[in-house]
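Inspection log for the structure reproduced underneath, given as structure tokens.
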Amino acid sequence: MPELPEVETVRRGLAPVLEGARLTRVEQRRPDLRFPFPEGFVQRLTGATLTRLDRRAKYLLGHLDRGDVLVMHLGMTGRFEIEAAEGTVRPGEFIYAAPPDPKHAHVVFETDRGGRVTYSDPRRFGFMGLIPAGAVESHPWFAGMGPEPLGPDFDASLLARAFAGRKQNAKVLLLDQRIVAGLGNIYVCEALHRAGVSPLKPAGKIPRARLGPLVAVIREVLEEAIAAGGSTLRDFAATDGALGYFQHRFQAYGREKEPCGTPGCGGTIARIVQGGRSTFYCPRCQR
DNA sequence: CCCACGACCTGTGGGC
DNA sequence: TGCCCACAGGTCGTGG
């Protein structure tokens with residue numbers, strides 16, 4: 001799942017372990033994840049210092065002092081587990097994570113501080129790449145990607161332009177990373193529910209006046225989820241092993257047949273399939 | 001260009 | 001209790 005809030009939670013968990021650390025040992029335990037690892041993956045990383053860990057949409061970007069950027073995507077079931085060296089855990093900083101699932105531990109990074117970060121991913125929909133720093137923006141993974149939903153370029157006029165004349169429903173278009181990059185199935189369901197916008201509504205027919213509020217609730221949902229440490233579903237926990245709590249606040253996602261929580265609504269959450277994926281919504285208060 | 005759908009993988013929760 | 005299958009956070013490629 002990891003959607004933007006979960007990836008951001010992972011970034012915040014990994015940053016204190018990796019930023020400024022030199023990778024003393026890198027182990028690549030299979031030739032591919034979703035895609036093959038790049039040529040010389042281990043050699044190009046070993047000995048490099050990771051200067052900064054950023055996030056763009058659902059991607060993590062580890063900037064290396066050698067000029068490459070380590071790009072990592074968690075797919076559906078990717079996770080990082082941290083093992084800290086004895087004595088390096090300051091109280092309250094991060095908690096020891098469960099031992100990495102050995103069956104699906106595909107990449108191991110060890111640092112000069114004695115920490116170890118293991119990437120595991122049962123379904124292997126995740127992937128990693130090494131891209132020269134100057135070529136990230138133009139790389140196919142990033143070229144054509146829409147703005148960050150929490151950034152300044154995501155606003156009502158951008159949505160108005162993207163939705164104009166489109167017959168495709170709002171749900172599917174909000175999942176299109178070319179329009180806005182970082183939303184996934186859960187948070188689109190939640191945002192549309194909060195905004196009272198039907199996922200079935202042709203995007204081009206949403207009145208312009210409703211787009212500002214839609215943008216606002218998208219930001220709100222993502223920010224609340226980040227503040228809560230993301231959502232812990234089957235395959236996601238924050239990097240420190242602590243559980244995210246946002247899933248307890250889902251109002252629509254996974255709540256088929258439950259009463260709608262919108263005050264005074266009285267409707268029942270329904271599940272439909274759009275673009276091959278489940279949509280949860282309230283047919284009564286989402287119009 | 002637009003859109004629907006299958007493919008990629010493995011694990012698991014819920015129903016019977 | 002045990003088995004089976006529908007379904008799962010994402011993205012990419014194909015074909016109409």
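Below, chain A is the first sequence line, B the second, and so on; all start at residue 1.
In the model, A:Glu258 has no side-chain atom that pairs as donor or acceptor with a side-chain atom of A:Thr268 under 3.5 Å. A donor and an acceptor atom, one from each side chain of A:Arg123 and A:Thr77, are nowhere located under 3.5 Å apart.
A sub-4.0 Å separation between OP1 or OP2 of C:dG10 and a side-chain N or O of A:His73 is absent. Checking the phosphate oxygens (OP1, OP2) of B:dT10, no side-chain nitrogen or oxygen of A:Lys103 falls inside 4.0 Å. Side-chain N/O atoms of A:Ser278 include one lying less than 4.0 angstrom from OP1 or OP2 on C:dA8. Phosphate contact (OP1/OP2 of B:dC9, side-chain N/O of A:His104, threshold under 4.0 Å): absent. One finds a side-chain N or O of A:Arg271 lying less than 4.0 angstrom from the OP1 or OP2 phosphate oxygen of C:dC7.
Between A:Leu150 and A:Leu4 there is a side-chain heavy-atom pair separated by less than 4.5 Å. With a 4.5 Å cut-off on side-chain heavy atoms, A:Asp155 and A:Leu211 do not count as touching. Between A:Phe280 and A:Glu256, some side-chain heavy-atom pair lies under the 4.5 Å cut-off.
Ion pairing between a basic and an acidic side chain is recognised when a charged N comes within 4.0 Å of a carboxylate O; A:Arg30 and A:Asp32 show such pairing. Of the charged side-chain nitrogens involved, at least one lies within less than 4.0 Å of a carboxylate oxygen, so that A:Glu220 and A:Arg194 count as a salt-bridged pair. The pair A:Arg55-A:Glu8 meets the salt-bridge criterion, since a charged nitrogen lies less than 4.0 angstrom from a carboxylate oxygen.
For a distance-only test at 3.5 Å, the side chain of A:Arg123 qualifies as a donor-acceptor partner of the base of C:dA8.
No close placement of the A:Tyr253 and A:Tyr187 rings is indicated, their centers lying 6.0 Å or farther apart.
Taking atom CZ of A:Arg277 as the reference point, atom C1' of B:dC8 lies 14 Å away to the nearest angstrom. The distance from atom CZ of A:Arg166 to atom P of B:dC1 is 11 Å, rounded to the nearest whole Å. Following rounding to the nearest Å, A:Asp121 (CG) and B:dT10 (C1') show an atom-to-atom distance of 10 Å. For the pair A:His106 NE2 and B:dC8 P, the interatomic distance rounds to 17 Å; values are reported in whole Å. Between the CD atom of A:Glu6 and the C1' atom of C:dG10 there is a distance of 13 Å, given to the nearest Å. Atom pair A:Asp32:CG and B:dC9:P shows a separation of 8 Å (rounding to whole Å applied). One can place CZ of A:Phe163 at 12 Å from P of B:dC3, the figure rounded to the nearest angstrom. We find that CZ of A:Arg79 is positioned 17 Å from P of C:dG10, with the value rounded to whole Å.
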Taking Watson-Crick and G-U wobble contacts under 3.5 angstrom, with | marking pairs to another strand and [ ] crossing pairs, the secondary structure of DNA chain C is written .|||||||.|||||||
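When the nucleotides C:dG10, C:dA8, B:dC3 are ranked by their closest atom to the side chain of A:Lys167, B:dC3 comes out on top. For A:Gln168, taking side-chain heavy atoms from C-beta onward, the closest of the listed nucleotides C:dA8, B:dC8, B:dC3 is B:dC3.
Comparing C:dC4 with B:dC8, their C1' atoms are spaced 22 Å from each other, to the whole Å. Taking the P atom of each, B:dT12 and C:dT11 are spaced 23 Å apart, rounded to whole Å. Spacing between C:dC12 and B:dG11 at atom C1', rounded to whole Å, works out to 23 Å.
Residues from residues 176-184 of chain A lying near DNA chain C, meaning a heavy-atom separation below 4.0 Å, are A:Gln177, A:Gly184 in numerical order.
In this structure, A:Phe125 does not pack face-to-face on the six-membered ring of C:dT11, missing the 5.5 Å centre cutoff or the 30° plane limit.
Summarising the hydrophobic clusters (Ile, Leu, Val, Met, Phe, Trp, Tyr; side-chain heavy atoms under 4.5 Å, direct or chained), the residues clustered with A:Ile272 are A:Leu200, A:Tyr281.
Screening A:Thr49, A:Asp68, A:Asp54, A:Thr51 against A:His63 for a side-chain hydrogen bond (donor to acceptor under 3.5 Å, both in side chains) leaves a single residue, A:Asp54.
Using a 4.0 Å heavy-atom distance criterion, A:Arg124 is classed as a sugar-phosphate-only contact.
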